[in-house]
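The structure appears right after this line, and notes come after that.
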Amino acid sequence: MRLTANFDRLCLMLAWASGTIAACVMIVTFVGVTMRYVFRSPLMGGFEMIEIGMGLMVFTALPLMIRRRGNISVTLLSDRFPPNLARVTTTLSDLIGAALTGFIAWRVWLQGDRLVTYGEVTMELRVPKGLIAQGMATLLAIAALAFLVCAMEAIRRHRSANEPGAA
Amino acid sequence: MGVWEIAAVSFGGVFVLMMSGMPIAFAMLLVGLAGIWINISERTAMGIIGQLPINATMSYELSVLPMFILMGVFVTRSRMSEDLYRLCHGFVGHMRGGLAAATILACGGFSALSGSSIATAATMAKVAVPEMRRYGYADGFAASAVAAGGTLGILIPPSVILVLYGIATGTDIGALFLAGVLPGLLAILLYLAAIRITASIDPSCAPSAPRVPWAERINHFRSIGPILILFVAIIGGLYQGVFTPTEAGGVGATGALAFALWRRALSLKDFVASLIETVLTTASLFLVLIGALVFSNFMNLIGLPAALSDLITSLGVGPVAVILTIFMVYIVLGMFMESLSMILLTVPIFFPIVTQMGFDPVWFGIFAVMVTELSLITPPVGLNIFVIKSVISNLSVTAIYRGILPFVMADVVRIIAIIALPWIVLVLPQMAR
Amino acid sequence: QETTTIRVGSWLPPHHLIVSGILKPWAEAIESETDGSLKFEFMTSALGPPPAQFDLLLDQAFDVGYGVSGHNAGRFTMTQVMDLPFMSPDPWAGSAAAWQTYAKWGQEYGEHDGVHLVGLFVHSNPNINMANGRVDTLADLEGKTIRVGGNVTGRIMSELGASPVQLPPTEAQTAMSRGVADGITFPLESIDFFGITPVITSITKVPGGLYTDTFWIAFNQATWDSLTAEQQAAVEKHSGMAIALLAGFAWTNGDAYGEERLNENNVEFITLPDEDLAAARERLAPLEAEWLAQASEKGFDGEAILNYARSMVDHYNTTRAVNVAQ
Ligand code: NA
Ligand code: NA
């Protein structure tokens with residue numbers, strides 16, 4: 001499906017962004033230590049760049065992680081389920097994942113609203129915290145979509161497997 | 001319902017959802033959130049779930065997780081695990097059970113650069129199991145050695161579990177890392193002893209390999225040298241105070257990157273793939289962290305830690321009895337639970353009690369890691385064994401669980417040793433003060 | 001008689017002086033004032049990091065919470081008037097002035113909507129505690145790495161010539177004992193509490209109070225509204241200035257204890273000379289100007305608030321001479 005392929009491309013692009021942030025966190029840390037020794041002065045705002053970077057790194061990687069079914073789970077029993085039951089539980093768990101992630105996205109967005117109202121900013125770089133939170137909420141909404149796409153795929157596979165004449 | 005009933009139902013709920021194959025993070029999230037909603041209030045549940053994802057991820061200290069993961073990925077991609085194994089093989093391979101011993105030693109070395117047990121087990125399995133098969137080792141014994149050696153990943157610093165423990169309890173992460181060194185060496189010794197004894201009882205499971213000439217042994221040192229330098233630089237830097245534990249992550253990842261480039265083992269494509277692999281692992285870890293925090297907030301809100309501590313006070317039991325009881329609880333939990341969530345769920349409950357009874361927070365951190373190590377290899381849910389099975393073809397899980405017994409016993413001996421002789425854990429961090 | 005249980009959200013260990021010396025005595029006074037109709041229950045572990053405490057209180061995760069205003073930059077700017085350099089010369093004067101200033105202007109700030117604020121207090125004077133080198137004059141700070149807890153202290157340290165390093169509390173002790181930082185800004189009490197005493201060699205006191213933090217204690221609004229008039233009156237009787245008083249005692253006693261321990265370790269105490277103090281005041285003046293600008297941006301007469309706060313500090317200053325014949 002075109003739509004799924006395009007969505008997966010979006011997930012991959014977000015994961016690239018996340019990887020770039022990871023590289024930046026590494027560089028900022030290394031440069032911070034080096035500057036303290038070589039120039040006897042710290043990297044201003046380094047602490048906060050890492051804090052903000054961490055928040056964004058996790059949520060930009062989330063959609064691709066979900067699409068690749070990278071969630072940590074115990075598959076001991078579910079591996080032995082009969083195929084039909086396994087499909088039902090997988091689809092169900094994907095739908096619950098979508099609902100929960102969507103719900104969290106909504107609540108994080110509202111918390112972002114609250115932070116915007118109070119004008120809370122990060123200490124040094126004075127980045128509005130509410131905007132960071134709403135960025136996270138948006139990424140969480142994409143993650144919820146990723147679960148939905150997973151569920152759709154599981155259902156589609158189920159249908160094609162049950163269709164007469166399907167290979 | 002009282003505190004105990006709510007706790008029992010909730011833990012049971014998480015367990016059932018987990019076993020049905022639902023991602024662990026969502027099992028904990030769902031039960032935790034519903035629990036707060038029902039037992040405290042809708043408003044509190046809605047509020048906590050809005051704040052927690054922001055607070056849990058925007059953390060300077062937690063940046064050490066992706067950095068140590070990245071370091072491990074770089075080291076793995078530079079294929080140093082093979083050299084490391086050859087080196088150990090060269091020195092001990094000809095002894096009785098020598099290849100298994102070499103596996104343990106190589107796992108120990110790899111652990112010094114990787115913070116994860118699963119990564120250690122998966123990486124070393126690919127190198128060590130085929131080699132042991134070649135010399136006629138029993139499958140179960142070979143895979144068990146890797147599974148046990150892999151657990152060293154979280155005991156020998158750096159360690160993802162120690163970082164999370166340190167942040168959850170406010171314990172000095174540098175001290176925790178230093179505290180892991182001697183127990184890590186003790187673990188290696190005990191595993192070697194377990195191999196020796198097993199190989200004497202049943203020599204057919206572990207034939208010896210031919211002697212490797214000295215020139216070749218020395219040769220391997222050369223290719224592995226830089227990795228030794230990196231480990232010594234990180235631990236030495238922590239000990240000497242050149243950088244903080246959080247900074248050690250970024251410095252270590254940069255060092256590993258330099259090492260991989262020096263070995264010409266990292267193309268641009270590999271570099272990007274390493275970053276993606278790192279952030280995907282990071283995202284799945286943080287999701288578990290968020291789920292566990294929601295659940296432990298729920299336990300906190302219903303007052304489980306206080307109830308438990310009241311119970312212990314009313315029973316009037318001593319510290320050793322308490323720690324042995326906790327050990328039993330962990331053995332049972334560890335059979336079924338995934339290691340990370342086990343620590344994240346139980347430490348907030350047990351920590352106030354054990355520190356109140358006078359146990360050192362650093363000591364309890366190492367204790368918690370050791371029981372986690374045990375959980376990684378005990379049936380029916382032994383994560384390391386699943387991981388090894390997923391990277392090696394034609395392995396029977398039953399055979400591995402039969403082979404794992406000597407290593408489980410070595411772990412139990414080690415845990416009892418640190419209960420009896422806490423200085424094994426505490427001497428290094430105290431010297432660094 | 002019915003008992004109302006008030007859950008107190010706590011993020012500090014129970015033996016920290018804020019819990020044992022301020023919150024617990026405050027709670028006990030109210031419990032006995034109400035003949036046990038109010039009962040306070042302290043949570044044993046934190047529900048979230050310190051900056052999350054206010055929002056957790058808003059969401060009624062607990063009934064009473066406390067926190068540091070400066071942990072939420074931009075949110076409690078007006079309340080933080082006492083955080084400015086050389087505002088709080090001692091914990092009594094600083095706490096009393098924080099509360100009195102809030103009592104006069106706080107309702108207009110709107111910074112604590114959704115909670116019922118019952119107290120504000122500050123910590124005692126921070127000193128410059130050195131593990132490597134000593135600070136006799138400001139010039140000695142040049143090139144020294146000083147661990148700071150937040151950006152304002154970091155700013156102060158770099159204005160004074162030092163190179164600040166911001167580290168989480170879990171790493172402060174390691175940083176000091178292993179030489180990542182040469183020194184640390186902390187009150188005497190905290191040096192001992194965080195186990196840093198053994199590595200400290202000299203301590204430079206800065207008379208007048210280099211900076212401080214304004215702590216808040218508050219009820220969730222819904223919880224507060226659910227209390228009876230009598231219960232509310234009992235709480236108020238032991239709050240406000242009574243909390244400022246408790247804070248003054250707690251920090252002063254904590255400092256005395258810490259100083260004793262430091263003396264046992266033969267730590268040398270230095271006082272920053274007057275000319276250096278004057279230079280420091282001058283170099284830190286921009287912080288005050290910035291606060292005034294922020295105040296006027298929010299539509300407040302910053303000058304008037306600051307002057308009132310200063311007059312309250314003078315009024316409650318513990319060094320006031322009272323036994324003079326005139
Ligand atoms: Na390790
Ligand atoms: Na297990």
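Because the structure is predicted, anything quoted here is derived from the model rather than measured. The sequence lines fix the lettering, A, B, ..., with proteins before strands; numbering per chain opens at 1.
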Please classify the contact of B/Leu301 with chain C as side chain, backbone, both or neither, using a heavy-atom distance under 4.5 Å.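 Contact with chain C is through both the backbone and side chain of B/Leu301.
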
Please classify the contact of B/Phe351 with chain C as side chain, backbone, both or neither, using a heavy-atom distance under 4.5 Å.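 B/Phe351 has no heavy atom closer than 4.5 Å to chain C.
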
With a 4.5 Å cut-off on heavy-atom pairs, point out which of B/Ile349, B/Ile36, B/Leu293, B/Thr44 contacts chain C the most.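 That would be B/Thr44.
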
Write out all pairs satisfying side-chain hydrogen bond (donor to acceptor under 3.5 Å, both in side chains) with one or both partners inside residues 291-303 of chain B, taking only residues at least two apart or from two chains.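 Sorted result for residues 291-303 of chain B: B/Asn300-C/Ser45.
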
Looking only at non-hydrogen atoms, find the nearest pair between [X] and [Y] and report the distance.
X: B/Asn55; Y: C/Ala52; answer: ND2-CB, 3.3 Å
X: B/Arg43; Y: C/Ala222; answer: NH1-CB, 3.9 Å
X: B/Ile48; Y: C/Leu56; answer: CG1-CD2, 3.9 Å
X: C/Thr44; Y: B/Pro305; answer: OG1-CB, 3.8 Å

With a sphere of 6.0 Å drawn around CZ of C/Phe40, does it hold more than 12 non-hydrogen atoms of other residues, nucleotides or ligands?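 Enclosed: over 12 neighbouring heavy atoms sit under 6.0 Å from CZ of C/Phe40.
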
Flag if over 12 foreign heavy atoms under 6.0 Å of CH2, B/Trp423: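 No - once you tally the heavy atoms of other residues, nucleotides and ligands closer than 6.0 Å, there are 12 at most.
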
How long is the span from the CD atom in B/Gln51 to the CD atom in C/Gln53, to the nearest 0.5 Å?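 One finds 9.0 Å between CD of B/Gln51 and CD of C/Gln53.
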
Working to the nearest 0.5 Å, report the span between CD1 of B/Ile40 and CZ of C/Arg7.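 Going from CD1 on B/Ile40 over to CZ on C/Arg7, the span is 4.5 Å.
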
